[in-house]
Student: 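The structure's right below; bear with me while I get my questions together.
None of the values given here were measured: they were computed from a predicted structure. The chain is numbered in sequence order, starting from 1.
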Amino acid sequence: PQSLSPAEGIYNFTDADALVAFAEANGIAVRGHTLLWHRQTPDYFFQGSTSEVKARLQKYITDVVTHFKGKIYAWDVVNEAFLDDGSLRPTIWSDHIPDYLAKSFRWAHEADPNAILFYNDYGQDGKPKKMQAILDLVADFKKRNVPIDGLGLQMHVNINSKNEAILEVITKSAATGLSIHFSELDVAVNPKNNPDFVYDDVAKDEQLNKFLLLFNSFKSIPLGQQYGITFWNVGDKDSWLRGYFKRPKENPLLFDDGYARKPAYKVLY
């Protein structure tokens, strides 16, 4: 919202429309990320009474999805709504809009009944309570006929991430019957931010093995549920891990700083 609607009643679709137009001209499908998140939302969204906050959120979701109807075929409707202990993340939404998750999905579906709707989150591996909260959400939505089509598993993992925990998340998520999207994939090689780290052959092999685990596990998901794999940026120099976590010696992607394909690319593709 801070980009699309920086002030109430004002929308700035210029940059987003340009991206969508480029995609359409080049035969590229576009998915939207994300309609509702606890960050990057202007303060005006939270002003006024509970009913005003609810109406403002409903209008935003409706306006944005309607604007891109027929052009953006899938949406991450809600992003990162649960904490590691399985509780609902405390936000203005959760504090003041009862059942805001279900409402958001219903509003998105009403605006574009053909759009594929996802819930997206991170860090379920090794966090069983968080994973269970998401599974409970899906079960509740199905019971109440709330439209949800898929789960986005962000897959921000690293070479030390436990394989068994990752596989458990994938298996349990696929058991919901929903489409499964590895939505923000990167494999960090320097998770402890070692200033002396060297991206050597050992690190590259460990990274490749983790990529292979993820790709092969994705292929094990029933074909009709295999939505896709999306990397979180393209070249290493653009990775959020270097900026957000200030880890300059980080190489989590399949293209290097100059956008050349790494050897792992040829193995995976």
Side-chain angles (χ1 to χ4, degrees), residues 2-3 31 33-34 37-40 76 79-86 89 120-131 134 151-173 180-221 227-269:
Q2 76 178 19
S3 297
R31 57 190 318 282
H33 173 87
T34 174
W37 191 32
H38 60 281
R39 301 181 65 181
Q40 293 183 297
D76 288 329
N79 190 51
E80 303 174 1
F82 293 100
L83 299 176
D84 290 349
D85 64 3
R89 184 185 298 276
N120 192 58
D121 217 323
Y122 70 96
Q124 295 92 316
D125 51 301
K127 306 291 191 307
K129 291 182 178 180
K130 185 174 192 175
M131 183 73 254
I134 296 170
L151 289 176
L153 311 181
Q154 292 187 16
M155 291 301 176
H156 292 299
V157 298
N158 64 72
I159 57 176
N160 298 323
S161 298
K162 296 185 181 303
N163 292 348
E164 297 79 6
I166 294 173
L167 294 174
E168 183 178 9
V169 166
I170 296 168
T171 300
K172 288 185 174 181
S173 298
I180 302 300
H181 182 203
F182 291 1
S183 58
E184 304 183 17
L185 175 59
D186 45 28
V187 176
V189 291
N190 187 21
K192 295 183 179 179
N193 198 15
N194 178 3
D196 299 319
F197 173 78
V198 177
Y199 190 42
D200 56 16
D201 288 342
V202 173
K204 292 175 183 177
D205 286 344
E206 291 177 335
Q207 184 182 49
L208 173 59
N209 288 335
K210 198 68 70 177
F211 276 132
L212 286 171
L213 173 87
L214 291 166
F215 272 58
N216 288 331
S217 64
F218 184 82
K219 289 163 62 177
S220 72
I221 297 171
Y227 176 83
I229 298 175
T230 300
F231 283 83
W232 208 235
N233 229 308
V234 179
D236 284 339
K237 74 173 183 178
D238 302 316
S239 171
W240 73 297
L241 296 175
R242 290 194 183 181
Y244 186 80
F245 287 108
K246 295 179 173 57
R247 279 155 43 186
K249 292 188 175 182
E250 186 56 84
N251 306 81
L253 299 166
L254 291 182
F255 294 79
D256 65 19
D257 284 29
Y259 301 111
R261 297 172 182 177
K262 298 180 184 178
Y265 180 100
K266 298 178 182 178
V267 177
L268 294 172
Y269 287 93

Student: Mind checking whether Tyr265 and Tyr269 have ring centres under 6.0 Å apart?
Tutor: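 Centroid separation for Tyr265 and Tyr269: below 6.0 Å.
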Student: Quick one: does Asn190's side chain get under 4.5 Å of Pro252's, heavy atoms only?
Tutor: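 Side-chain contact under 4.5 Å: no.
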Student: Quick check: do Phe211 and Leu254 have side-chain heavy atoms less than 4.5 Å from each other?
Tutor: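 They are in side-chain contact.
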Student: Looking at Lys210 and Asp186, is any side-chain nitrogen of the basic one under 4.0 Å from a carboxylate oxygen of the acidic one?
Tutor: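 Not counted as a salt bridge, because no side-chain N and carboxylate O are separated by less than 4.0 Å.
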Student: Can you tell me if Thr171 uses its side chain to pair, donor with acceptor, with the backbone of Glu168 under 3.5 Å?
Tutor: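 Not at all, since once roles are kept as given, no pair shorter than 3.5 Å links the two residues.
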Student: Measure from the side-chain N and O atoms of Asn233 to the backbone N and O of Asp238, and report whether any donor-acceptor pair falls under 3.5 Å.
Tutor: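 Side chain of Asn233 to backbone of Asp238, a donor-acceptor pair under 3.5 Å: yes, one is there.
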Student: Distance from Asn209 atom CG to Ile159 atom CD1, nearest 0.5 Å?
Tutor: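 The distance works out to 10.5 Å.
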Student: For Leu268 and Leu212, which heavy atoms make the closest approach, and how far apart are they?
Tutor: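 Looking at all heavy atoms of both residues, the shortest contact is CD2-CD2, 3.8 Å.
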Student: Does the Ser161 side chain pair with the main chain of Val157, one donor and one acceptor, at a distance under 3.5 Å?
Tutor: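 Side chain of Ser161 to backbone of Val157: no pair is present.
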Student: Tell me, with the steps shown, if Ser173 and Leu153 meet side chain to side chain contact (heavy atoms under 4.5 Å, CB included).
Tutor: CA-CA 9 Å; Ser173 298; Leu153 311 181; 3.6 Å; yes
Student: Before accepting this row, confirm whether a basic side-chain N of the pair Asp236/Lys262 lies closer than 4.0 Å to the acidic partner's carboxylate O.
Tutor: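 Between Lys262 and Asp236 there is a salt bridge, with a charged N closer than 4.0 Å to a carboxylate O.
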Student: According to the interplanar angle, ranging from 0 to 90°, do the rings of His181 and Tyr227 count as parallel (below 30°), tilted (30 to 60°) or perpendicular (above 60°)?
Tutor: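 Ring orientation, 0 to 90° scale: perpendicular.
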Student: Where is the tightest heavy-atom contact between Leu185 and Val187, given as atom of each residue plus distance?
Tutor: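 Heavy atoms of Leu185 and Val187 come nearest at CD1-CG2, 4.3 Å.
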Student: Can you list everything that forms a side chain to side chain contact (heavy atoms under 4.5 Å, CB included) with Glu164? Sequence neighbours excluded, please.
Tutor: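 So Glu164 forms a side chain to side chain contact (heavy atoms under 4.5 Å, CB included) with Lys162.
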Student: Checking Gln207 side chain against Val189 main chain: does a donor-acceptor pair fall under 3.5 Å?
Tutor: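 Flag not set: sc Gln207 to bb Val189 has no pair under 3.5 Å.
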Student: If you look at every heavy atom in Asp121 and Ala81, which pair is closest and at what distance?
Tutor: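 Closest heavy-atom pair between Asp121 and Ala81: OD2-N, 3.6 Å.
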Student: Starting from the C-alpha separation in whole Å, work towards a yes-or-no answer on side chain to side chain contact (heavy atoms under 4.5 Å, CB included) for Phe218 and Ile229.
Tutor: CA-CA 8 Å; Phe218 184 82; Ile229 298 175; 4.0 Å; yes
Student: Kindly say whether Asn160 contributes a backbone atom to a donor-acceptor pair with the side chain of Glu206 at under 3.5 angstrom?
Tutor: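 No, the answer is negative, given that no donor and acceptor are paired below the 3.5 Å cut-off.
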Student: Which atom pair, heavy atoms only, marks the closest approach of Lys127 to Asp84?
Tutor: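 Looking at all heavy atoms of both residues, the shortest contact is CE-OD2, 3.3 Å.
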Student: Are Ile170 and Ile180 packed together at the side-chain level, in the sense that at least one heavy-atom pair is separated by less than 4.5 angstrom?
Tutor: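 Side-chain contact under 4.5 Å: no.
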Student: Kindly compute the distance separating OG (Ser239) from CZ (Phe245), expressed to the nearest 0.5 Å.
Tutor: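 Ser239 atom OG to Phe245 atom CZ measures 10.0 Å (nearest 0.5 Å).
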Student: How long is the gap from CG on Asn158 to CG on Leu241, to the nearest 0.5 Å?
Tutor: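 It comes to 9.5 Å.
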Student: Among Tyr122, Phe182, Trp240, find the one that has a ring pair (Phe, Tyr, Trp, His ring centres under 6.0 Å) with His156.
Tutor: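 Of all the options given, the one that passes is Trp240.
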Student: Keeping Asn194 on the side-chain end and Asp196 on the backbone end, is there a donor-acceptor pair under 3.5 Å?
Tutor: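 Side chain of Asn194 to backbone of Asp196, a donor-acceptor pair under 3.5 Å: yes, one is there.
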Student: Are a donor atom and an acceptor atom from the side chains of Glu80 and Gln154 found within less than 3.5 Å of each other?
Tutor: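 Yes, Gln154 and Glu80 have a side-chain donor paired with an acceptor closer than 3.5 Å.
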Student: Let's go through Met155 and Ile166 carefully: what are the C-alpha distance in whole Å and the side-chain angles of both, what is the deciding distance for side chain to side chain contact (heavy atoms under 4.5 Å, CB included) to 0.1 Å, and is it a yes or a no?
Tutor: CA-CA 8 Å; Met155 291 301 176; Ile166 294 173; 4.2 Å; yes
Student: For residues Ala188 and Arg247, report the shortest heavy-atom separation together with the two atoms involved.
Tutor: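 Distance-wise, the nearest heavy atoms are CB-NH2, 3.3 Å.
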Student: Do you know the tightest heavy-atom contact between Phe255 and Tyr259?
Tutor: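 Looking at all heavy atoms of both residues, the closest pair is CD2-O, 3.2 Å.
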Student: Give the ring-plane orientation class for Tyr199 versus Phe197, where under 30° counts as parallel, over 60° as perpendicular and anything between as tilted.
Tutor: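 Tilted, since the angle between the ring planes falls between 30° and 60°.
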Student: How far apart are the C-alpha atoms of Leu253 and Val234, what are their side-chain angles, what is the distance that settles it, and do they pass the side chain to side chain contact (heavy atoms under 4.5 Å, CB included) test?
Tutor: CA-CA 7 Å; Leu253 299 166; Val234 179; 5.8 Å; no
Student: Regarding Lys130 and Asp85, does a basic nitrogen lie under 4.0 Å from an acidic carboxylate oxygen?
Tutor: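 Salt bridge absent between Lys130 and Asp85.
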Student: Indicate yes or no for a side-chain donor-acceptor contact from Arg242 to the backbone of Glu250 under 3.5 Å, with no hydrogens or angles considered.
Tutor: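 Yes, the answer is positive, given that a donor and an acceptor are paired below the 3.5 Å cut-off.
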Student: Establish, from distance only, whether the side-chain atoms of Asn120 and Glu184 form a donor-acceptor pair under 3.5 Å.
Tutor: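 Yes, a side-chain donor-acceptor pair sits under 3.5 Å.
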Student: Would you please name every residue forming a side chain to side chain contact (heavy atoms under 4.5 Å, CB included) with Val198, sequence neighbours left out?
Tutor: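 Scan of Val198 (side chain to side chain contact (heavy atoms under 4.5 Å, CB included), adjacent residues dropped) gives Asp200.
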